[in-house]
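Proteins get letters first, then strands, A, B, ... in listed order; numbering begins at 1 in each. In what follows, every heavy atom counts, from backbone to side chain, and hydrogens, waters and symmetry copies are set aside.
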Amino acid sequence: MKSRTAIAVALATALALGAASACGGDTPNNNNTNNNNTTPAFNAAMGKVFNPSDKKGGTIKLANSGDWDSLDTGETYYGFAWNFSRLYARGLLMFRPAPGAAGNELAPDLAEGMGVPSDGGKTWTYKIRSGVKFEDGTVVTSKDVKHAVLRSTDKKTFPNGPAYFEQFLNLPAGYDGPYRSKGMNTDSAIETPDDNTIVFHLKQAFGGFDYLAQLAQTAPVPEAKDTGAKYREHFISTGPYMFEKVEVGKQYTLVRNPMWDQATDPIRKALPDRYEVSLNVNADDIDNRILSGDVHIDVAGTGVQPASLGRVLGDPNLKARADNPTLARLWYTSITTQVAPFDNIECRKAVLYAADRTGYQTAYGGPFSGGDIATTIMPPLIPGYQKFDLYPAGADNKGDVTKAKEALTKCGKPDGFEATMGYRAERPREKATAESLQQALARVGIKLTLKGFPQGDYFSQFCGNPPYLRANKIALCTNGWGADWNDGFGFLSQITDSRVIRETGGSSNISVRIPQVDQMIDQALAETDTAKREAIWAQIDKRVMEEAVILPGVYAKSLLVRGNGLTNVFVNEAFGMYDYLALGVA
Amino acid sequence: MFAYIVRRLAAAVVLLFAVSVVTFAIFFLVPRFAGATPETLATRYVGRAATAETVKLTAERLGFYDPVPVQYGRWVKAIFVGTEYDYGAGVEQCPAPCLGYSFITRQAVWPDLLDRTTVTLSLAVGASVIWLLMGVSTGVLSALRRGSIFDRMAMGVSLAGVSMPIFFTGMVSLVLFSYTLGITAPGGHYTPFTQNPATWAYNLLLPWITLAFLFSAAYARLTRAGMLETMGEDYIRTAQAKGLPQRTVVVRHGLRSTLTPILTIFGLDVGLLLGGAVLTEKTFSLPGLGKYAVDAIVANDLPKVMGVVLFAAAFIVIANLIVDLLYAVVDPRVRLG
């Protein structure tokens with residue numbers, strides 16, 4: 001009797017314990033059904049906040065396998081740098097630090113509200129919050145924002161940053177930046193009628209100017225303390241953190257900015273006390289350090305290295321710490337119209353029909369670290385994205401050989417032809433892509449010769465250099481593009497506008513020369529209604545695809561790993577990586 | 001001796017000049033032969049989607065429109081008399097020796113090199129002391145216990161040491177000792193000696209041992225071979241017959257003769273290491289000269305490349321000079337002249 005009772009009690013206890021452990025605790029959950037989102041699970045930080053907390057204190061440790069191009073917000077052009085700069089700099093607007101689609105929304109930061117357009121979208125006015133101070137106690141005024149934007153147009157001193165303000169602002173003729181054109185009246189471009197108002201005057205209407213206002217270049221810079229190219233060594237903060245130590249090429253540390261006032265900043269929580277950033281760390285070592293708990297974040301935010309991929313995906317405990325976001329980035333192949341027989345649209349269509357999309361995806365690393373098979377130019381994250389497929393590749397996505405041969409017949413090459421394809425030699429994925437296409441196109445008689453080019457000169461001297469392409473008959477080139485910001489202009493303007501193509505080389509647009517598309521881009525620029533503007537970008541996407549000058553490959557994905565002990569972890573869709581502004585330490 | 005040193009130093013200057021000309025030509029001239037224009041060279045140093053105007057301004061700022069000999073002359077002149085650097089909001093003096101400003105970071109190269117040298121020195125000196133002690137002592141013991149279990153094990157381990165590349169042993173060591181067992185520092189940690197000697201040593205312990213493992217293997221084998229040959233010489237038998245203690249016979253008579261080729265190799269190895277222990281620094285993310293050089297080459301940051309090449313060449317030349325001088329100390333038969 002006693003033994004049966006003991007067994008029953010033991011069984012009941014075991015069952016109860018098993019039920020309790022299934023409800024929470026440290027057991028990894030690969031199905032992500034945890035309601036309070038504190039249990040590690042694959043994609044637990046996608047669309048929601050993992051490990052939410054308002055606990056202040058602690059140090060966040062980040063590592064970068066490379067370096068910033070510059071800490072100076074006037075000339076930095078990396079997504080991770082823009083993400084990180086919100087810790088020490090306040091631009092007029094920012095992308096909301098929120099999971100899911102909310103992360104793509106703009107929110108006022110230094111400005112009190114969104115921009116107010118007038119004059120048909122050629123003038124934009126912002127009111128700046130009162131009481132915001134630099135780390136030295138000086139009050140921020142509209143003149144500091146004006147100076148920040150104007151100095152960013154000095155490309156002799158700051159060659160790295162985006163060039164949108166030079167492109168759109170109505171700068172006076174001969175203006176050479178605030179250092180060389182000191183004293184020149186620039187009210188035609190930017191006016192500051194009072195300390196809290198700034199007015200931008202544009203050369204042409206631009207309905208999406210708010211996206212320019214969120215650029216890090218709008219973070220204020222005091223003219224009296226501006227040291228030009230050396231300002232990057234000590235950037236004067238307006239954010240909740242300021243630089244304690246800057247050792248170029250080695251490390252940075254940020255500590256709390258005593259002049260930051262939460263009352264002026266409804267967005268930031270500023271939870272940690274300190275950030276420590278190590279630079280130029282071995283990329284594989286960063287993965288090891290994150291997995292072992294020595295470092296919290298790989299700041300570049302592009303995902304784990306190939307060596308760690310199998311380890312993370314193969315181990316349920318490690319996979320439960322991973323997130324697999326889709327990025328606003330497209331890997332694709334450009335098909336130039338300047339090399340015969342690709343001046344014939346049907347020959348180009350043959351390539352799009354014959355391409356093995358699954359092979360393309362596999363070449364890029366498969367569905368986890370490569371991406372999702374793409375059929376449009378705009379990735380799904382871009383507002384206005386519309387799903388369509390003009391060149392169906394069959395149920396298995398391996399290409400439609402029949403349709404490809406029909407297109408070849410129409411272009412007068414029923415037996416196929418020879419062509420040359422370029423790719424960046426240092427990128428194994430691009431080489432694999434080229435080889436995949438070589439095999440796929442061989443099925444319809446298109447014989448591809450592959451040529452690798454050094455990536456450092458790929459756009460300036462080779463694939464991006466029109467005379468070189470023509471002279472060497474290079475018809476296809478691997479390519480890739482990530483949006484400067486998630487809207488149609490940010491994504492499409494640099495790769496579909498023929499006016500960015502330079503005969504001296506250097507443009508990312510290798511193949512799109514469609515006058516109608518140029519007109520549609522101008523139309524979209526001037527449209528101040530967001531919904532109408534987004535519809536035009538979708539039409540541009542389709543129009544370019546109709547011309548078969550781009551073969552979309554994959555919408556890029558990355559595999560990120562959450563550091564141990566982090567709170568408020570979520571992927572911000574605007575940056576395609578963890579939001580660095582929201583993070584805390586448990 | 002003095003005249004010998006002067007002649008060697010003069011030769012070193014000529015050698016450094018030749019190295020600088022060749023390096024400058026490789027990075028500044030060869031691309032032009034391949035069809036690069038000042039604009040295409042400048043596109044490496046601008047942001048993405050830069051306008052043609054930005055590219056042109058950058059080419060002007062970096063001096064790419066000047067003939068290559070003029071660019072080289074400007075660089076050499078700055079080494080001896082310094083130069084000015086326009087940072088937009090003002091002009092900064094770069095005193096001699098000015099090796100220019102990084103195209104990427106806009107930092108002066110010379111202070112960077114000095115800073116990085118302390119890291120590489122720390123790595124090289126620590127590792128070289130360990131490998132010399134371990135390698136030579138293992139080689140001596142192996143030679144004296146030829147054919148024993150110790151000899152076979154020592155030579156087996158040394159074979160493994162020379163066979164396995166540092167990036168493999170380094171990564172394995174990090175995963176095992178730093179991230180799993182937690183007894184050594186993770187990669188990327190470096191504390192200057194002047195800041196905290198104990199932390200400095202702790203952070204460098206694993207790189208030292210890993211690097212020393214690679215080198216000591218070769219030294220053990222070299223020492224063993226040398227000792228085996230020397231200990232068979234007649235004068236060693238004479239010394240033993242005269243009743244000298246075995247330790248005196250081995251160290252003062254046997255090892256001293258064996259040291260000459262070891263010294264040669266040691267000088268070369270240390271000189272090369274001081275020029276930049278590239279793989280070790282890259283594996284352990286140590287901010288030394290080697291990593292600096294690799295990062296500069298990858299980024300096409302030409303002033304940095306020029307600076308580190310000149311620096312490394314100077315180290316190797318000086319190391320070789322010191323080795324040659326030490327010959328005269330170790331071997332009285334050597335007369336320098």
Side-chain angles (χ1 to χ4, degrees), chain A residues 63 66-67 69-70 75-77 151 154-163 166-167 177-180 226-233 247-251 278-282 284-286 288-289 291-295 456-457 459-461 464-465 468 484 494 500 502 504-508, chain B residues 31 34-37 39-58 60-61 85-90 92 101-102 104-107 112 115-116 167 170-171 174-175 178-180 182 185-190 281-285 287 291-292 295 298-300:
Chain A
D67 195 356
D69 44 0
S70 178
E75 69 152 345
T76 178
Y77 211 157
R151 72 195 277 280
D154 177 2
K155 286 301 184 253
K156 192 168 180 182
T157 308
F158 305 113
N160 289 322
E166 300 95 278
Q167 181 183 349
Y179 311 125
R180 281 171 286 280
D226 182 4
T227 50
K230 301 186 78 58
Y231 193 67
R232 61 170 71 184
E233 295 165 27
E247 292 180 48
V248 176
K250 289 188 191 174
Q251 59 181 334
S278 304
L279 304 173
N280 291 308
V281 181
N282 182 314
D284 290 305
D285 200 37
I286 292 179
N288 287 332
R289 290 171 73 180
L291 294 173
S292 71
D294 182 62
V295 151
D457 300 318
F459 289 106
S460 59
Q461 291 194 62
N465 189 303
Y468 185 89
D484 279 350
Q494 290 297 325
V500 306
R502 296 196 292 269
T504 50
S507 166
S508 291
Chain B
T37 62
E39 291 83 12
T40 54
L41 289 174
T43 52
R44 296 170 184 164
Y45 310 109
V46 297
R48 70 173 194 168
T51 62
E53 180 62 21
T54 301
V55 170
K56 189 166 167 292
L57 286 171
T58 301
E60 272 173 18
R61 178 171 61 82
Y85 172 66
D86 179 1
Y87 55 88
E92 182 180 64
Y101 280 76
S102 160
I104 311 284
T105 64
R106 321 284 281 276
Q107 302 285 307
D112 261 355
D115 184 48
R116 301 278 174 155
F167 54 81
M171 290 303 292
L174 276 170
V175 170
S178 297
Y179 304 132
T180 307
H189 285 59
Y190 175 78
E281 290 173 10
K282 203 81 174 119
T283 304
F284 290 94
S285 302
K291 198 162 180 314
Y292 188 77
D295 293 341
V298 168
N300 256 294

Contact origin within [X] toward chain A - heavy atom pairs under 4.5 Å:
| X | answer |
| --- | --- |
| Asn300(B) | neither |
| Tyr85(B) | side chain |
| Glu39(B) | neither |
| Glu53(B) | neither |
| Ala299(B) | neither |

Partner of Leu174(B) under side-chain contact (heavy atoms from CB on, under 4.5 Å), picked from Asn288(A), Asp285(A), Asp284(A), is Asp285(A)
Scan Leu57(B), Val46(B), Val55(B) and name whichever one has a side-chain contact (heavy atoms from CB on, under 4.5 Å) with Pro159(A). Val46(B)
Could you state the interatomic distance from [atom1] ([X]) to [atom2] ([Y]), rounded to the nearest 0.5 Å?
| X | Y | atom1 | atom2 | value |
| --- | --- | --- | --- | --- |
| Ile104(B) | Asp69(A) | CD1 | CG | 9.5 Å |
| Tyr179(B) | Leu291(A) | OH | CG | 10.0 Å |
| Tyr190(B) | Gln251(A) | OH | CD | 12.0 Å |
| Thr51(B) | Gln167(A) | OG1 | CD | 9.5 Å |

Does any heavy atom of chain B fall under 4.5 Å from the side chain of [X], the backbone, both, or neither of them?
| X | answer |
| --- | --- |
| Asn280(A) | both |
| Glu75(A) | side chain |
| Thr504(A) | backbone |
| Arg289(A) | both |
| Glu233(A) | side chain |
| Arg232(A) | side chain |

For the residue pair [X] and [Y], what are the closest heavy atoms and their distance?
| X | Y | value |
| --- | --- | --- |
| Thr58(B) | Lys155(A) | OG1-O, 4.4 Å |
| Arg106(B) | Lys156(A) | NH2-O, 4.2 Å |
| Ala89(B) | Gly228(A) | CB-N, 3.4 Å |
| Ala52(B) | Arg502(A) | CB-CD, 3.5 Å |
| Ser285(B) | Asn282(A) | OG-N, 2.6 Å |
| Gly88(B) | Tyr179(A) | O-CB, 3.1 Å |

For chain A, which candidate among [options] shows the most heavy-atom pairs at distances under 4.5 Å?
| options | value |
| --- | --- |
| Lys282(B), Gln107(B), Arg61(B), Met171(B) | Gln107(B) |
| Leu41(B), Thr54(B), Asp112(B) | Thr54(B) |
| Pro287(B), Gly188(B), Gly182(B) | Pro287(B) |
| Thr43(B), Thr180(B), Asp86(B) | Thr43(B) |

Does the side chain of Thr37(B) come within less than 4.5 Å of Gln461(A)'s, by heavy atoms?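 No. Closest side-chain heavy atoms not under 4.5 Å.
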Any non-hydrogen side-chain atom of Arg116(B) less than 4.5 Å from a side-chain atom of Lys250(A)? yes
Please identify, among Thr76(A), Ile286(A), Asp484(A), the residue contributing the most non-hydrogen atom pairs under 4.5 Å to chain B.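 Of the candidates given, the most pairs with chain B belong to Asp484(A).
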